[in-house]
Amino acid sequence: VFFATGEIERRIGVDYANATDSDNDGAAGLFDIGNAADDTIVHTQNGHTFNIFINVSEDDPIVDVKTINVIVTNSNNRIL
């Protein structure tokens, strides 16, 4: 999905300290959606609404490395 790719690139371009695991759930929270996600962006394109959920795991898989997982759902909460 195009905008999810753009969101990954935007996150990578952000200062390392700004990509944070806001709820400290680590790798277990990489697939969180809704309020459990570390960050959420609602994006509308061509009359369709998409939710972009960003999850971060710090020091994963090794110290000083962050794993970022982006999940995109449509307005019906279907994962794309």
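As the structure is a prediction and not an experimental result, all values here were calculated from the model. We're numbering straight along the sequence, starting at 1.
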Between Thr49 and Val42, is a side-chain contact (heavy atoms from CB on, under 4.5 Å) present by the stated rule, with each step listed?
-> CA-CA 7 Å; Thr49 301; Val42 177; 3.7 Å; yes
Beyond-backbone contact of Thr20 with Val56, side-chain heavy atoms, under 4.5 angstrom |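 Result no, sub-4.5 Å side-chain heavy-atom pair not found.
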Any Val70 side-chain heavy atom under 4.5 Å of Ile52 side chain |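 With C-beta onward as the side chain, the pair touches.
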Could you tell me whether the side chain of [X] and the main chain of [Y] form a donor-acceptor pair under 3.5 Å?
X: Asn55; Y: Leu30; value: yes
X: Asp60; Y: Thr67; value: no
X: Asn74; Y: Phe50; value: no
X: Asp59; Y: Asp64; value: yes
X: Glu58; Y: Lys66; value: no

Which heavy atom of [X] sits nearest to which heavy atom of [Y], and what is that distance?
X: Ser57; Y: Ala27; answer: OG-N, 3.0 Å
X: Gly34; Y: Phe53; answer: N-CE2, 3.1 Å
X: Val65; Y: Pro61; answer: CG1-CD, 3.8 Å

Roughly how far, to the nearest 0.5 Å, is CD1 of Ile54 from CD1 of Ile68?
->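 Reported value, rounded in 0.5 Å steps: 9.0 Å.
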Atom pair CG (Asp23) and CG (Asp39), whose distance is rounded to the nearest 0.5 Å |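 So the CG of Asp23 and the CG of Asp39 are separated by 11.0 Å.
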Using the side-chain contact (heavy atoms from CB on, under 4.5 Å) rule, take Asp25 and Asp32 through it: C-alpha gap first, then chi angles, then the decisive distance, then the call.
-> CA-CA 10 Å; Asp25 57 1; Asp32 288 349; 2.7 Å; yes
